[in-house]
Structures are given as structure tokens and as C-alpha cells.
Peer 1: 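Let me give you the structure first, and then I'll get to my questions.
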Amino acid sequence: MPEGHSVHRIARQFDQHFVGRRVAVSSPQGRFASGAAMIDGHEMIESRAVGKQLFLAFDSGLWMRVHLGLYGAWDFAGEVTVDATLASASGRMGQTNQRGTFLEAYEDSLHSIGAPRRTRLRMAESEQLEEPETEWPPPPIGQVRARLMTEATVADLRGPTACEVIDDAGVARALAKLGPDPLVDRGTAGQRRFVENVRTRSAPIGQLLMDQSVVAGIGNVYRAELLFRAGLSPFLPGRQVPTDVAKALWDDWAKLLKRGVETGQMLTIDGLRGEAYRRALAFRADRHWVYHRTGEPCRRCGTPIAMEIMAGRKLYWCPTCQPG
DNA sequence: TGCCCATGGTAAT
DNA sequence: TTACCCTGGGCAG
């Protein structure tokens, strides 16, 4: 599922290709038919991401709120922005599964950074470039909950946890449930809220980082990786996390989120160069310190990475580097 | 082909 | 805690 960085990238696609345009909204699958009718034909005036939620504003005063959940995805077709070298390269990598082809795709993708072009792009937990369609508009494939269409671009939403039309008060209610997001709550205000949220709760920090009311946008990957980077035990109660450690956690999240939005990948190992960097882009197994590495040797100390279920989700950590 | 798993979250128990 | 929503990829057979 998309953690926060993906949703910010999706919001940017809407900002660049839908905001300022009239949008035809429909529900090919039918389950969003009444919501679609409320905003169909109106101009999109704003695209905003907060944590893992996307808010699209229309000139009628109504908003579309979308949460992708575990399986959701947006499929863009037509004119979209392709700026993630890795996204495109790894996408084609996945189709061919041959490293040589990956390198060719990587080199090829360097030419298209930031350039709007006609293609198809799947935006979910990862991004994948696909062959451009020949028919326009492209026929919806599978269960498309919502279709948003301008003259140049189609966005198909499938499998979301939440997809609804709400008013300003509804947006306010949704935002009130969310903790700070570094790309929304800039400066020290967001950091202050985060530190207070952590240090007033007794739940373990590994659980608090996944709590969207404590901090918005962190998922299971970033949770594990942030704790490793901080050398922090996932089991330390929030109120026992020193203030300077909590501040540093927030700053590191802000740094990783920014990197994720720029690259389209959850790159949590710093300083990768050359082949190691390209491998990390192409292969998830080469991308993280501890996430999804149960039993494998810690990249820093060699201790087998541990895993246990915390609050229903798999938690990964290094018992030596993150003592407690 | 079919089963398991997944980067979420909510509601029921 | 568990069930469930709902989709796609990986992998065993």
C-alpha cells in the first residue's frame, strides 16, 4: 500500500493535469455512482495530500476524499508527468526480470524526467509505466470505482478503502483525525505536535509511529526503517522517548518522505552509489535495513533481523542495533 | 490454477 | 484480537 510519499506523488499528478480543468466523473463499477454525480462536470480547484489521504476540491464546494488502503491504486492514462526515473525503470524491470534490460530502461528513463507525455502509469505502492493505449478514452479495465477524465488525461481508481464526496466540514473532520504531515505542517509546528503526541502516550513507539493520529503518512516500511535508523527499540513506551530523540525521529521522517516524493521509492539506506543505488531502485530486497528481512543478517552488525506481530502488523528490528 | 501474502483501516467481538 | 474489505504479485503444484 502506498505510504505517505505515494499519495503526495498522486496529488501532484492531479495538481498538474486536473486542477484548473473541468472533470468528467463517473463510476464504471457503480459503487461511486451517487458521489460521482455530485461532482461530475465541475472544475477541480485543488489537490491536497495529507498523510495517506487525498483530497480533491471542486468549484461546487465539494471534495472527493480517497484513501487507497491496502490494495487501492490510481491508473493514469493519456497526458501524465513521468519524473521518477526509478519508477519507470523498475516498472519495466518487473516485466522483463533481466538486469541488462533494467539498465537500458534506466538509461532510457533519464530522458523523460519531468516531461509530461502520453503513456499509462499505475500509481500505488510502487509505480509502473505501461504501454500507451491506442483507444481514447481507454475502456475501463476491471473494477473501476471512479473515473476522472479531462480532455487529455484519465485517472481510474480501483480498490480503495475510502472514496466519498464530502463538504468543508467533512474535510475538517477527516483532518482532525490526522497527526502532522511533514509536507503539510512545515517548520517546527509539526515537529512540536509530533513530540507531544509521542511523549504523552504509553504505547510503544513502534505502535505510535503507525498511529495516523500521532503522525500521518508512516506505514509499516517507514516505521521499521525509521526506528532502525534511530537505533531505537520499537518497544520503548512513547513517554520514555527522550525529547531530542523524538525530535530527531520527526526530522528523519521529513527527510525520508521528501526523498520518497522525489524518487517514488522508499529508499531508507543513505549514501548508495552506482550499482548499489540502481539495485536498490530495482529490487526491494536491496532497499531496506530491516523491513522484510526476518532472519537475514543485519547490514550493520550481522545479528539476525527479528520479527514479531505488534498490533496486528509485522514489526522488524535488529535486537543489537535497537536494544531495549 | 489456486493459495498466500501485502507498504491499511474499520467495525465487530 | 479477529473478520473483513478488495486487488495483484509471487509461488507451489
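Every chain is numbered from 1 and lettered A, B, ... according to where its sequence line falls, protein lines coming before strand lines. The shown structure was predicted, so the numbers you read here are calculated from the model rather than taken from an experiment.
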Peer 1: Could you state the atom-to-atom distance from CD1 of I309(A) to P of dC5(B) in whole Å?
Peer 2: 11 Å

Peer 1: Determine the Euclidean distance between corresponding C1' atoms of dT10(B) and dG8(C); express it in Å to zero decimal places.
Peer 2: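 Pairwise C1' distance, dG8(C) against dT10(B), rounds to 22 Å.
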
Peer 1: Got a sec, which residues hit side chain to side chain donor-acceptor pair (under 3.5 Å) with E151(A), two or more places apart in sequence or on another chain?
Peer 2: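 By the side chain to side chain donor-acceptor pair (under 3.5 Å) rule, E151(A) matches no residue at all.
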
Peer 1: For the side chain of Y316(A), starting at C-beta, report the closest nucleotide among dA6(B), dT7(C), dG8(B).
Peer 2: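 So the side chain of Y316(A) is nearest to dA6(B).
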
Peer 1: Rounded to the Å, how far apart are L209(A) CG and dG9(B) C1'?
Peer 2: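 Rounding to the nearest Å, CG of L209(A) and C1' of dG9(B) are 17 Å apart.
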
Peer 1: Atom CD of Q53(A) to atom C1' of dG8(B): distance rounded to whole Å?
Peer 2: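 Atom-to-atom, Q53(A) to dG8(B), this comes out as 11 Å.
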
Peer 1: Looking at D185(A) and R193(A), does any basic side-chain N land under 4.0 Å from a carboxylate oxygen?
Peer 2: yes

Peer 1: Counting only pairs under 3.5 Å, give me each side-chain donor-acceptor contact of residues 236-250 of chain A, with atom names and distances, residues two or more places apart or in other chains.
Peer 2:
| unit_1 | atom_1 | unit_2 | atom_2 | d |
| --- | --- | --- | --- | --- |
| T243(A) | OG1 | R199(A) | NE | 3.1 |

Peer 1: Distance check needed: dT10(B) P versus M210(A) CE, whole Å only.
Peer 2: 12 Å

Peer 1: Look at the side-chain N and O atoms of H67(A) and state whether any lies under 4.0 Å from the OP1 or OP2 oxygen of dG9(B).
Peer 2: yes

Peer 1: Atom CD of Q128(A) to atom P of dG8(C): distance rounded to whole Å?
Peer 2: 12 Å

Peer 1: Could you list the donor-acceptor pairs under 3.5 angstrom formed by side chains in residues 296-308 of chain A, with sequence neighbours left out?
Peer 2:
| unit_1 | atom_1 | unit_2 | atom_2 | d |
| --- | --- | --- | --- | --- |
| R299(A) | NE | H288(A) | O | 2.7 |
| R299(A) | NH2 | A285(A) | O | 2.8 |
| R299(A) | NH2 | H288(A) | O | 3.1 |
| T303(A) | OG1 | T320(A) | OG1 | 2.7 |

Peer 1: Contact list please: residues 219-238 of chain A against DNA chain B, heavy atoms, distance less than 4.0 Å, in numerical order.
Peer 2: G219(A), N220(A), V221(A)

Peer 1: Who else is in the cluster with M149(A) when I, L, V, M, F, W and Y are joined by side-chain contacts under 4.5 Å?
Peer 2: W136(A), V154(A)

Peer 1: Salt-bridge test for R145(A) and D156(A): reply yes if a basic N is under 4.0 Å from a carboxylate O, no otherwise.
Peer 2: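 Between D156(A) and R145(A) there is no salt bridge, as every charged N stays at least 4.0 Å from the carboxylate O atoms.
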
Peer 1: Could you state the OH-C1' distance from Y291(A) to dG8(B), rounded to the nearest angstrom?
Peer 2: 12 Å

Peer 1: Can R65(A) and E164(A) be counted as an ion pair, charged N to O under 4.0 angstrom?
Peer 2: yes

Peer 1: From NE2 of H292(A) over to C1' of dC4(B), roughly how many Å is that when rounded to an integer?
Peer 2: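 Taking NE2 of H292(A) and C1' of dC4(B), I get 12 Å after rounding.
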
Peer 1: So, OP1 or OP2 of dG9(B): does either fall under 4.0 Å of a side-chain N or O from R313(A)?
Peer 2: no

Peer 1: Check the pair D251(A) / Q191(A) against side-chain contact (heavy atoms from CB on, under 4.5 Å), numbers first and verdict last.
Peer 2: CA-CA 8 Å; D251(A) 290 343; Q191(A) 186 193 57; 3.2 Å; yes

Peer 1: What is the distance, to the nearest angstrom, from the CG atom on L68(A) to the P atom on dG9(B)?
Peer 2: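 Those two atoms, CG and P, are 11 Å apart.
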
Peer 1: Using the ring centroid of each side chain, check whether F235(A) and W317(A) are separated by less than 6.0 Å.
Peer 2: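 Distance test on ring centres: under 6.0 Å, yes.
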
Peer 1: Polar atom pairs between nucleotides 1-5 of chain C and protein, under 3.5 Å, N or O only, would you list them?
Peer 2:
| unit_1 | atom_1 | unit_2 | atom_2 | d |
| --- | --- | --- | --- | --- |
| dC5(C) | N4 | Y71(A) | OH | 3.3 |

Peer 1: Side chain of R122(A) only, heavy atoms from C-beta on: which candidate in dT7(C), dC5(B), dG8(C) is closest?
Peer 2: dG8(C)

